[in-house]
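Each ligand, and each atom within it, is numbered from 1 in the order the structure gives.
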Amino acid sequence: MARFVVAIDGGAGSGKSTTAKGVAKRLDFFYIDTGAMYRAFTLKYLRSSGSGSRKVDIDLIRRLLRDTTVDLRKEDNEMKVYLDNEDVSLAIRTPEVSDFVSQVSAISEVRDWMVKRQREVAEGKNVVCEGRDIGTVVFPDAQVKIFMVAEVEVRAARRLRELGEKHMNADENEVMENIRFRDKYDSEREHSPLRRANDAIVVDTTNLTIEEEIEQVKAIVEKRLAAPEPS
Ligand code: DC
């Protein structure tokens, strides 16, 4: 069992990664980026299926899942994503992966595999875990649940800046389209859709600076850490 879990859910570019990373660093918790894990498996699928049809081949998915490892490792204070022992931290951020990750993530076998792996990664640790279904499915008993929201224009601007920092060029309209598409797809899928847990606290980051959003969530966590465990 994970020891203390901060679950942060929200749509693409809502500020969850930056906040989760910042809160984890300040509290010395382990940071789990579940989106990166889905992206890693999507990368493997895209490499294996070759170019051409972008329909999900369920048999291929099943075969690949039997022989895949996805790992999160902290190196030089940064979280790195490993796919079959290869560092894919940059390769998972390309538009090709962003354009296909929602379709792959909607498959129930993929979700079961990932949820199990996410719980293993969290075992015995204090974690800040971010994604779409953390407070609802992966850690429904998390001590703190946050649901982050922000206006789509602000979210697109953030994604563009993040990509720019990684020297990956992107078109603003395409980024906005991708965010809209993924939010819709992730929210409407049958298996563990993106939705706010009933007991999650909503944080709207539209008008917050990064510092403010980290401090706001950190304060919520600290308050809970100081409170006695409910019996
Ligand atoms: O957080 P991100 O944008 O890197 O996530 C990429 C995709 O992965 C997202 O569009 C849907 C999927 N995902 C998911 O289905 N469940 C999660 N817990 C995290 C991500």
Side-chain angles (χ1 to χ4, degrees), residues 2 5-21 24 31-46 56 61 65 70 72 79-81 83 88-122 127-140 142 145-150 152 154-156 158-163 165-166 168 170 174-197 200 205:
V5 178
V6 180
I8 305 187
D9 290 301
S14 57
K16 37 179 206 343
S17 296
T18 312
T19 306
K21 238 182 266 176
Y31 165 54
I32 302 180
D33 176 354
T34 61
M37 297 171 73
Y38 284 96
R39 284 171 179 271
F41 182 70
T42 302
L43 177 68
K44 177 156 176 162
Y45 177 84
L46 289 173
V56 177
I61 295 234
L65 281 174
V70 174
L72 299 178
M79 207 272 307
K80 299 277 184 195
V81 193
L83 169 69
V88 292
S89 311
L90 259 188
I92 59 169
R93 303 289 163 195
T94 61
E96 289 72 30
V97 173
S98 296
D99 283 346
F100 205 57
V101 62
S102 284
Q103 291 89 315
V104 173
S105 309
I107 308 290
S108 67
E109 280 96 334
V110 174
R111 302 209 68 79
D112 292 346
W113 192 98
M114 287 291 167
V115 170
K116 184 166 167 274
R117 184 70 195 117
Q118 287 153 15
R119 290 179 183 151
E120 277 169 15
V121 171
V127 298
V128 179
C129 186
E130 56 119 331
R132 304 292 188 290
D133 60 340
I134 310 305
T136 51
V137 175
V138 185
F139 296 115
K145 295 184 190 178
I146 307 283
F147 193 79
M148 300 196 96
V149 295
V152 70
V154 173
R155 299 197 278 142
R158 286 180 187 152
R159 266 287 138 98
L160 270 179
R161 203 176 46 229
E162 275 169 24
L163 289 168
E165 281 162 10
K166 294 188 170 87
M168 298 166 109
E174 278 173 21
V175 169
M176 188 122 63
E177 254 327 288
N178 178 258
I179 287 178
R180 284 209 175 95
F181 167 77
R182 283 200 288 141
D183 272 5
K184 190 165 157 39
Y185 207 105
D186 297 344
S187 307
E188 291 177 358
R189 70 179 173 221
E190 185 187 349
H191 309 290
S192 52
L194 164 65
R195 72 172 178 82
R196 181 177 85 81
T205 67

Hey, are the side chains of Phe41 and Leu65 touching, using non-hydrogen atoms and a 4.5 Å cut-off?
yes
Does any N or O in the side chain of Arg180 come within less than 3.5 Å of the main-chain N or O of Asp183, such that one atom is a donor and the other an acceptor?
no
List the steps and the verdict of side-chain contact (heavy atoms from CB on, under 4.5 Å) for Arg189 and Ser105.
CA-CA 9 Å; Arg189 70 179 173 221; Ser105 309; 4.1 Å; yes
Which protein heavy atom lies closest to atom 16 (N) of ligand 1, and at what distance to 0.1 Å?
Arg111 NH2, 3.0 Å
Give a yes-or-no answer on whether the side chains of Thr136 and Arg196 include a donor-acceptor pair shorter than 3.5 Å.
no
Evaluate the criterion side-chain contact (heavy atoms from CB on, under 4.5 Å) for residue pair Thr34 and Met114; output intermediate values, then yes/no.
CA-CA 8 Å; Thr34 61; Met114 287 291 167; over 6 Å; no
Among non-hydrogen protein atoms, atom 18 (N) of ligand 1 lies closest to Asp133 OD1, 2.8 Å
Classify the contact between Met37 and ligand 1 as side chain, backbone, both or neither, using a heavy-atom distance cut-off of under 4.0 Å.
neither
N/O of Glu130 under 3.5 Å from N/O of ligand 1, yes or no?
no
So, applying salt bridge (Lys or Arg N to Asp or Glu O under 4.0 Å) with Asp33, which one of Arg93, Lys21, Lys16 is it?
Arg93
Distance from atom 1 (O) of ligand 1 to nearest protein heavy atom, with residue and atom
Arg132 NH1, 3.0 Å
Does Glu120 CD have over 12 foreign heavy atoms under 6.0 Å away?
yes
So is Met114 close enough to ligand 1, meaning a heavy atom under 4.0 angstrom away?
no
Note: ligand 1 atoms sitting under 4.0 Å from heavy atoms of Ser102 are 10 (O)
Are any of the N or O atoms of Arg189 closer than 3.5 Å to those of ligand 1?
yes
Provide the number and element of each atom of ligand 1 under 4.0 Å from a heavy atom of Ser105.
8 (O), 12 (C), 15 (O)
Heavy-atom side-chain contact between Glu130 and Tyr31 under 4.5 Å:
yes
Have a look at ligand 1 and work out which part of Arg159, if any, has a heavy atom under 4.0 Å from it: side chain, backbone, both or neither.
side chain
Would you tell me which option among Val101, Thr136, Leu194, Val115 has the nearest heavy-atom contact to atom 7 (C) of ligand 1?
Val101
Would you mind listing which atoms of ligand 1 come within a distance below 4.0 Å of any non-hydrogen atom of Lys16?
1 (O)
The reported gap from CD1 in Ile146 to OG in Ser14 (rounded to nearest 0.5 angstrom) is 11.5 Å
Just by modelled atom types, is the Val81 backbone N or O under 3.5 Å from a matching donor or acceptor in the Ser89 side chain?
yes
Atom 19 (C) of ligand 1 - nearest protein heavy atom and its distance:
Thr34 OG1, 3.3 Å
Tell me, which protein residue and heavy-atom name are nearest atom 20 (C) of ligand 1, and how many Å apart are they?
Gly35 CA, 3.5 Å
Do Thr205 and Arg158 get their side chains close enough for a donor-acceptor pair, meaning under 3.5 Å?
yes
Looking only at distance, does Asp186 have an N or O less than 3.5 Å from an N or O of ligand 1?
yes
For ligand 1, indicate whether the residue Arg182 contacts it via side chain, backbone, both or neither (heavy-atom separation under 4.0 Å).
side chain
Nearest non-hydrogen protein atom, atom 4 (O) of ligand 1
Arg39 NE, 2.7 Å
